[in-house]
Amino acid sequence: CQMNKDALEVIFDSIARNSYLKEVTLDVSDNPFGDKGASYLAQKVVKVTNLSAINISGTKMKAKTFEELATSLVATKKLQYFIGRRIFTY
């Protein structure tokens with residue numbers, strides 16, 4: 001699917017409002033949402049307290065944006081699995 005920043009907003013707003021989810025696995029792989037989407041993801045991922053796994057392979061972001069996202073992912077408490085291949089664009 002070709003998810004953009006707007007789609008990420010809908011997904012994260014829905015996850016944040018759903019108090020019944022015990023564990024969230026998020027696969028946004030192969031969605032070239034780029035730096036804007038990755039920056040948004042970095043802001044929102046810390047608010048998903050039940051995020052246990054994320055796959056950002058093929059999302060096409062710059063290394064600097066990945067650093068921002070990685071910092072946010074480290075701050076998540078329950079994250080156990082991270083997959084990221086072919087994520088950089090130059």
Side-chain angles (χ1 to χ4, degrees):
C1 98
Q2 294 294 312
M3 190 181 310
N4 60 20
K5 180 184 169 290
D6 295 335
L8 283 176
E9 288 181 26
V10 171
I11 290 169
F12 272 93
D13 288 345
S14 298
I15 291 171
R17 282 185 291 210
N18 190 331
S19 60
Y20 296 103
L21 295 174
K22 294 187 190 271
E23 197 172 83
V24 174
T25 298
L26 187 61
D27 185 344
V28 293
S29 62
D30 298 317
N31 286 288
F33 48 74
D35 290 322
K36 286 183 181 179
S39 288
Y40 179 81
L41 189 60
Q43 294 170 19
K44 294 295 183 174
V45 78
V46 293
K47 296 180 182 178
V48 180
T49 58
N50 48 0
L51 182 66
S52 64
I54 188 167
N55 183 349
I56 62 165
S57 298
T59 51
K60 309 291 187 209
M61 68 185 81
K62 292 188 171 89
K64 180 105 174 130
T65 308
F66 175 73
E67 287 179 38
E68 178 185 351
L69 178 56
T71 300
S72 294
L73 290 171
V74 167
T76 61
K77 304 280 188 245
K78 291 189 175 184
L79 187 67
Q80 297 174 348
Y81 302 101
F82 167 79
I83 301 169
R85 296 180 309 245
R86 305 175 332 273
I87 58 176
F88 297 118
T89 187
Y90 301 96

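Quick note: numbers below take in every heavy atom, side chains included, and nothing from hydrogens, waters or symmetry partners.
Distance CZ/F33 to OH/Y40: 11.5 Å, rounded to 0.5 Å. Summarising the geometry, atom CE belonging to M61 is positioned 10.0 Å from atom CD belonging to E68; distances are rounded to the nearest 0.5 Å. In this structure, CG in L41 is found 12.0 Å from CG in D35, a value given to the nearest 0.5 Å.
Between I15 and K47, the closest side-chain pair of non-hydrogen atoms is not below 4.5 Å. A heavy-atom distance below 4.5 Å is not found between the side chains of K44 and L8. Side-chain atoms of L26 and V45, non-hydrogen and from C-beta on, never get closer than 4.5 Å to each other.
Looking only at distances, a side-chain donor or acceptor of T76 sits under 3.5 Å from a matching main-chain atom of L73. A donor-acceptor pair under 3.5 Å links the side-chain atoms of D27 to the main chain of S29, judged by distance alone.
Between S72 and A42 the shortest heavy-atom distance is OG-O, 2.7 Å. The shortest heavy-atom contact between K22 and K78 is O-NZ, 4.3 Å. Here the shortest heavy-atom pairing between A38 and L69 reads O-CD1, 4.4 Å.
Below 30°, between 30° and 60°, or above 60°: for F66 and F82 the angle between ring planes is between 30° and 60°, a tilted geometry.
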Atom pairs and distances, donor-acceptor, side-chain atoms in residues 49-59, under 3.5 Å, two or more places apart:
| unit_1 | atom_1 | unit_2 | atom_2 | d |
| --- | --- | --- | --- | --- |
| N50 | ND2 | L21 | O | 2.6 |
| S52 | OG | V24 | O | 3.3 |
| N55 | OD1 | S57 | N | 2.9 |
| N55 | OD1 | S57 | OG | 2.9 |
| S57 | OG | R85 | N | 3.0 |
| T59 | OG1 | I56 | O | 2.8 |

